Participant: 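Have a look at this one before I ask anything.
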Amino acid sequence: TQYGINIGQASEGLYQLASAGLSASESQEVLTNTLKLSMAVQGDHNTISKLTTQTIFGFGLEMSDSAALTDKFAHAINKSLIEYQDLASAVKFAMPFFVSTGQSVDQLLGSLQVLTNRALEAGIAGRGLRQAMAEFAEGAEDSTRQFAQLGVKVVDSSGNMLQLTEIARNFAQAFPDINDNVELMTTLLEDLNVRGATAFVHLVQNVDEFEAAVGDLQNAHGSAAEMAE
């Protein structure tokens, strides 16, 4: 009643939560937040419920994290050209590789904000990020890989993958002339494939914006309610 949600839409979203195996109490907790996000972005509640549940399961979050997660979704949508249905598509492609390389939700959403603002359609951005993360993971300990030979680190001293903002910053510091560096562009194309290189180069070129976006997402509390109001 507070946000004028249609009961039919609410029921469809609740069905998604039940289908995912949530208990009644868990569904009630998540439902409050997905309904708020649906109103905030004027989006299909069924799609939003599925996106929220998949992301919670994918990143190993708790159902109690749904409020913080939907606030991050609202913030990403409000601060970039990405729309809720495109966000769902992009997350579907990229999330498994972000999870497997130890990246955070903020890294995923922040990178999608930057790429969408650079005219990369969300599905393409998601596939590009998936390709980049897969190749970085595969070549992390391979000294013969081109980016390793260029002296750019993608893992820490313990062998753990760095956060994507750190990797992008390392490239930006090593190659401030990335826009004009034909050798580097060729290397990235060879190592990351066209999609991966396209996505990653945009993050390197706009690393300040990327870092700021990730930082803002960490402080997105209340964004969904603010948008809904």
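All figures in this text were calculated on a predicted structure; none of them were measured in a lab.
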Participant: Return the set of residues passing ring-ring contact (aromatic ring centres under 6.0 Å, His included) with Phe200 (not counting sequence neighbours), or none when no residue passes.
Facilitator: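 ring-ring contact (aromatic ring centres under 6.0 Å, His included) list for Phe200, sorted by chain: Phe136, Phe171.
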Participant: Check step by step if side-chain contact (heavy atoms from CB on, under 4.5 Å) holds for Thr55 and Phe73.
Facilitator: CA-CA 11 Å; Thr55 306; Phe73 287 153; 3.6 Å; yes
Participant: Compare every heavy atom of Ser27 with every heavy atom of Leu22, then report the nearest pair and how far apart it is.
Facilitator: CB-OG, 3.4 Å
Participant: Tell me whether Val155 is reachable from Val204 by hopping between hydrophobic residues (I, L, V, M, F, W, Y) whose side-chain heavy atoms are closer than 4.5 Å.
Facilitator: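 In one cluster with Val204: Val155, yes.
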Participant: If you take all heavy atoms of Met161 and Ile167, which pair is closest and at what distance?
Facilitator: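 So the minimum-distance heavy-atom pair works out to SD-CD1, 3.9 Å.
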Participant: Side-chain donor-acceptor contacts of residues 58-68 below 3.5 Å, not counting sequence neighbours, with atom names and distances?
Facilitator:
unit_1	atom_1	unit_2	atom_2	d
Asp65	OD2	Glu62	N	2.8
Ser66	OG	Asn33	ND2	2.8
Ser66	OG	Met63	O	3.0

Participant: Could you measure the distance from the CD atom of Gln16 to the CG atom of Leu51? Nearest 0.5 Å is fine.
Facilitator: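 One finds 11.0 Å between CD of Gln16 and CG of Leu51.
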Participant: Pairs of donor and acceptor atoms involving the side chains of residues 214-227, under 3.5 Å and at least two apart or interchain, shall be tabulated with distances.
Facilitator:
unit_1	atom_1	unit_2	atom_2	d
Asn219	ND2	Gly215	O	3.1
Ser223	OG	Ala220	O	2.7

Participant: If you count heavy atoms of other groups shown closer than 6.0 angstrom to CD of Gln173, is the number above 12?
Facilitator: yes
Participant: Name all pairs fulfilling the side-chain hydrogen bond (donor to acceptor under 3.5 Å, both in side chains) condition that reach into residues 119-133, sequence neighbours left out, sorted by first residue then second.
Facilitator: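 side-chain hydrogen bond (donor to acceptor under 3.5 Å, both in side chains) check on residues 119-133 returns Gln131-Glu135.
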Participant: Closest approach of Ser49 and Gly13, non-hydrogen atoms and distance?
Facilitator: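 Smallest heavy-atom distance, with atoms named: OG-CA, 3.3 Å.
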Participant: Nearest 0.5 Å, what's the CZ-CZ distance between Arg169 and Phe210?
Facilitator: 11.0 Å
Participant: Counting only heavy atoms not in Tyr15, do more than 12 sit closer than 6.0 Å to its OH atom?
Facilitator: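 Not buried by this count: 12 neighbours or fewer within 6.0 Å.
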Participant: Name all residues meeting the side-chain contact (heavy atoms from CB on, under 4.5 Å) criterion together with Ser11; count only those two or more places apart in sequence or in a different chain, and write none if there are none.
Facilitator: Ile7
Participant: List for me each residue that meets side chain to side chain donor-acceptor pair (under 3.5 Å) alongside Asp44, sequence neighbours excluded, and say none if there are none.
Facilitator: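 Checked Asp44 against side chain to side chain donor-acceptor pair (under 3.5 Å); matches are Thr47.
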Participant: Determine whether Val194 and Ile124 fall in the same hydrophobic cluster, where Ile, Leu, Val, Met, Phe, Trp and Tyr are linked whenever their side-chain heavy atoms lie under 4.5 Å apart.
Facilitator: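 They do not share one cluster, since no chain of ILVMFWY contacts under 4.5 Å joins Val194 to Ile124.
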Participant: What closest approach, in Å, do Val207 and Ala172 show between heavy atoms, and which atom pair accounts for it?
Facilitator: CG1-CB, 4.0 Å
Participant: In chain order, what residues pass the side-chain contact (heavy atoms from CB on, under 4.5 Å) check against Gln54, with sequence neighbours excluded?
Facilitator: Lys50
Participant: Might you point out which heavy atoms bring Asn46 and Glu12 nearest each other, and give the distance in Å?
Facilitator: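 Result for this residue pair: OD1-O, 3.1 Å.
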Participant: Tell me if a side-chain donor or acceptor on Ser158 pairs with a main-chain N or O of Asn160 at a distance below 3.5 Å.
Facilitator: no
Participant: Starting at OG1 of Thr116, measure out to CD1 of Ile82 and round the result to the nearest 0.5 Å.
Facilitator: 4.0 Å
Participant: Identify the heavy atoms of Ala199 and Leu120 that sit nearest to each other, and give their distance.
Facilitator: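 Reported closest heavy-atom pair: CA-CD2, 4.4 Å.
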Participant: Give, for atom CG of Asn170 and atom CZ of Phe175, the distance between the pair rounded to the nearest 0.5 Å.
Facilitator: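 Going from CG on Asn170 over to CZ on Phe175, the span is 10.5 Å.
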Participant: Answer yes if Phe57 and Leu17 sit in the same cluster of Ile, Leu, Val, Met, Phe, Trp and Tyr residues linked by side chain heavy atoms under 4.5 Å apart, and no otherwise.
Facilitator: yes
Participant: Identify, with sequence neighbours excluded, every residue that meets salt bridge (Lys or Arg N to Asp or Glu O under 4.0 Å) alongside Glu166.
Facilitator: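 Not a single residue meets the salt bridge (Lys or Arg N to Asp or Glu O under 4.0 Å) criterion with Glu166.
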Participant: Does any N or O in the side chain of Asn78 come within less than 3.5 Å of the main-chain N or O of Ala74, such that one atom is a donor and the other an acceptor?
Facilitator: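 Side chain of Asn78 to backbone of Ala74, a donor-acceptor pair under 3.5 Å: no, none is there.
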Participant: So, taking the atom named CG in Asn117 and the one named CG in Asn206, what distance separates them when rounded to the nearest 0.5 Å?
Facilitator: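 Those atoms lie 9.0 Å apart.
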Participant: How would you list, by chain and number, every residue that makes a side-chain contact (heavy atoms from CB on, under 4.5 Å) with Ser38, sequence neighbours excluded?
Facilitator: His45, Ile48
Participant: Checking side-chain hydrogen bond (donor to acceptor under 3.5 Å, both in side chains) between Thr165 and each of Glu211, Gln103, Gln107, which is the one that passes?
Facilitator: Gln107
Participant: What residue pairs, at least two apart or across chains, pass salt bridge (Lys or Arg N to Asp or Glu O under 4.0 Å) with a residue in residues 106-116?
Facilitator: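 Listed once each, the pairs are Lys72-Asp106.
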Participant: As a quick check of understanding, evaluate side-chain contact (heavy atoms from CB on, under 4.5 Å) for Leu108 and Met95, giving each step before the final call.
Facilitator: CA-CA 7 Å; Leu108 174 55; Met95 182 173 65; 4.3 Å; yes
Participant: Just wondering, more than 12 heavy atoms not from Arg195 lying within 6.0 Å of its CZ?
Facilitator: no
Participant: Per the side-chain hydrogen bond (donor to acceptor under 3.5 Å, both in side chains) rule, what does the pair list look like for residues 85-100, sequence neighbours excluded?
Facilitator: Glu83-Gln85
Participant: Under the 3.5 angstrom rule, does the side chain of Glu209 hit a backbone N or O of Leu203 as a donor-acceptor pair?
Facilitator: no
Participant: Side chains of Leu129 and Leu164, heavy atoms from C-beta outward: is any pair under 4.5 Å?
Facilitator: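 Yes - at least one pair of side-chain heavy atoms lies under 4.5 Å apart.
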Participant: Hey, could you give me each pair passing ring-ring contact (aromatic ring centres under 6.0 Å, His included) that has a residue in residues 76-133? Not counting sequence neighbours.
Facilitator: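 As it turns out, there is no ring-ring contact (aromatic ring centres under 6.0 Å, His included) pair with a partner in residues 76-133 once direct neighbours are skipped.
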Participant: Tell me, do Leu109 and Leu87 make a side-chain contact under 4.5 Å, heavy atoms counted?
Facilitator: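 Yes, their side chains come closer than 4.5 Å.
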Participant: Is it true that a side-chain atom of Thr34 and a backbone atom of Leu31 form a donor plus acceptor pair closer than 3.5 Å?
Facilitator: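 Yes: the side chain of Thr34 pairs with the backbone of Leu31.
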